[in-house]
Amino acid sequence: MTKYCVRLEYTIKEVIEKFDENKDRVAVVLNENNKVVGVVSQGDIIRALCEGKNIFSKVETIVKPSFLYTKSRDMERAYKMFRSKKITMIPIIDDDYKLKGVITLDDIYTYLEEQRHE
């Protein structure tokens, strides 16, 4: 699960390296108390670079305070969120915004395959 996480103090370059390492385009952003404060996507980084940020800018300068999340691994609900919002990952958090897990696009594909075989 921590393989999908970055910290506010990470640079854009470090986040891109994390994307490359995980073969994903989204990372969950944690603060110093390990609370989820947002997500950052490849698209967020491209927009930030186009707006004049550089690869050494900190993630905290581009992460948005509002983000999609779920509090349970309800795959039907997650599937609807993925379809309507065109996302590739959603964090699962508890009431204190601590990360409990993530639902990825691969998880959605697995869920859909299982539904098809039932």
Side-chain angles (χ1 to χ4, degrees):
M1 181 170 55
T2 57
K3 74 179 192 169
Y4 296 109
C5 298
V6 297
R7 301 250 173 221
L8 283 170
E9 63 271 9
Y10 275 39
T11 63
I12 288 174
K13 181 181 184 299
E14 290 171 309
V15 176
I16 293 169
E17 289 167 353
K18 183 68 100 165
F19 289 165
D20 189 48
E21 174 186 323
N22 294 328
K23 307 297 183 240
D24 212 321
R25 300 177 304 199
V26 180
V28 178
V29 182
L30 304 176
N31 68 12
E32 65 280 353
N33 297 318
N34 289 323
K35 291 187 177 187
V36 178
V37 295
V39 295
V40 64
S41 69
Q42 210 172 44
D44 295 330
I45 288 175
I46 290 168
R47 282 186 289 282
L49 294 172
C50 289
E51 292 169 0
K53 303 279 186 200
N54 65 58
I55 62 170
F56 300 107
S57 298
K58 301 288 184 187
V59 170
E60 66 188 352
T61 66
I62 66 170
V63 68
K64 299 198 177 15
S66 63
F67 60 97
L68 291 175
Y69 62 87
T70 185
K71 292 197 173 187
S72 69
R73 196 167 180 81
D74 179 343
M75 295 304 290
E76 182 62 29
R77 182 170 178 263
Y79 169 67
K80 290 175 182 174
M81 293 171 77
F82 274 66
R83 281 201 63 203
S84 67
K85 301 297 182 181
K86 310 285 190 256
I87 56 176
T88 61
M89 182 200 310
I90 187 165
I92 304 169
I93 62 171
D94 65 16
D95 291 336
D96 294 322
Y97 283 81
K98 297 284 186 169
L99 187 65
K100 293 174 26 182
V102 296
I103 299 173
T104 66
L105 199 51
D106 283 341
D107 295 327
I108 295 295
Y109 290 148
T110 300
Y111 166 74
L112 291 173
E113 287 173 5
E114 290 169 355
Q115 293 300 305
R116 194 175 79 195
H117 291 354
E118 285 185 3

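No hydrogens, no waters, no symmetry mates; every other heavy atom, side chains included, goes into these values.
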Inter-residue atom distance [X].[atom1] - [Y].[atom2], 0.5 Å rounding:
X: Asp95; Y: Lys71; atom1: CG; atom2: NZ; result: 4.0 Å
X: Ile16; Y: Ile45; atom1: CD1; atom2: CD1; result: 4.5 Å
X: Asp74; Y: Tyr111; atom1: CG; atom2: OH; result: 7.5 Å
X: Tyr79; Y: Tyr109; atom1: OH; atom2: OH; result: 10.5 Å
X: Arg116; Y: Glu113; atom1: CZ; atom2: CD; result: 6.5 Å
X: Leu68; Y: Met81; atom1: CG; atom2: CE; result: 4.5 Å

Inset, instruction - For the pair Lys13 and Glu17, find out whether any cationic side-chain nitrogen is under 4.0 Å from an anionic carboxylate oxygen. - result: yes
Legend entry - Heavy atoms of other groups near Lys80 NZ, more than 12 under 6.0 Å: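 12 or below, so no.
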Legend entry - Donor-acceptor pair, side chain of Asn22 and main chain of Lys3, under 3.5 angstrom: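 Judged by distance alone, yes, a pair lies under 3.5 Å.
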Legend entry - Backbone of Arg83 reached by a side-chain donor or acceptor of Lys86 within 3.5 Å: yes
Inset, instruction - For the pair Lys18 and Glu14, evaluate side-chain contact (heavy atoms from CB on, under 4.5 Å) and give the outcome as yes or no after the intermediate values. - result: CA-CA 6 Å; Lys18 183 68 100 165; Glu14 290 171 309; over 6 Å; no
To check you understand the geometry: which heavy-atom pair defines the closest contact between [X] and [Y], and what is its length?
X: Met89; Y: Val26; result: CE-O, 3.2 Å
X: Asp94; Y: Asp96; result: OD1-N, 2.9 Å
X: Leu99; Y: Pro91; result: CD1-CB, 3.7 Å
X: Ile90; Y: Phe82; result: CG2-CE1, 3.6 Å
X: Ser72; Y: Ile103; result: O-CD1, 4.3 Å

Given the rule that I, L, V, M, F, W and Y join up when any side-chain heavy atoms are under 4.5 Å apart, are [X] and [Y] in one cluster?
X: Phe56; Y: Phe19; result: yes
X: Ile87; Y: Ile108; result: yes
X: Val6; Y: Tyr4; result: no
X: Tyr10; Y: Val40; result: yes
X: Val28; Y: Ile62; result: no

Legend entry - Contacts of type side chain to side chain contact (heavy atoms under 4.5 Å, CB included), residue Asn31, not counting sequence neighbours: Leu8, Asn33, Lys35, Val37
Inset, instruction - Using the ring-ring contact (aromatic ring centres under 6.0 Å, His included) rule, collect all pairs that involve residues 59-78, keeping only residues at least two apart or in two chains. - result: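 Pairs touching residues 59-78 that pass the test: Phe67-Tyr69, Tyr69-Tyr97.
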Inset, instruction - With the side chain counted from C-beta on, respond yes when Lys100 and Ile93 share a heavy-atom pair under 4.5 Å apart, and no when they do not. - result: no
Legend entry - Validation row: Asn54, Ile12 side chains within 4.5 angstrom (heavy atoms): no
Inset, instruction - Would you check if there is a donor-acceptor pair between the side chains of Asp44 and Ser41 at a distance under 3.5 Å? - result: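 Their side chains do contain a donor-acceptor pair, which is all the 3.5 Å distance test asks for.
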Inset, instruction - Apply the side-chain contact (heavy atoms from CB on, under 4.5 Å) test between Arg7 and each candidate in Val59, Asn34, Val29; give the one that qualifies. - result: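 By the side-chain contact (heavy atoms from CB on, under 4.5 Å) criterion, Arg7 pairs with just one of Val59, Asn34, Val29: Asn34.
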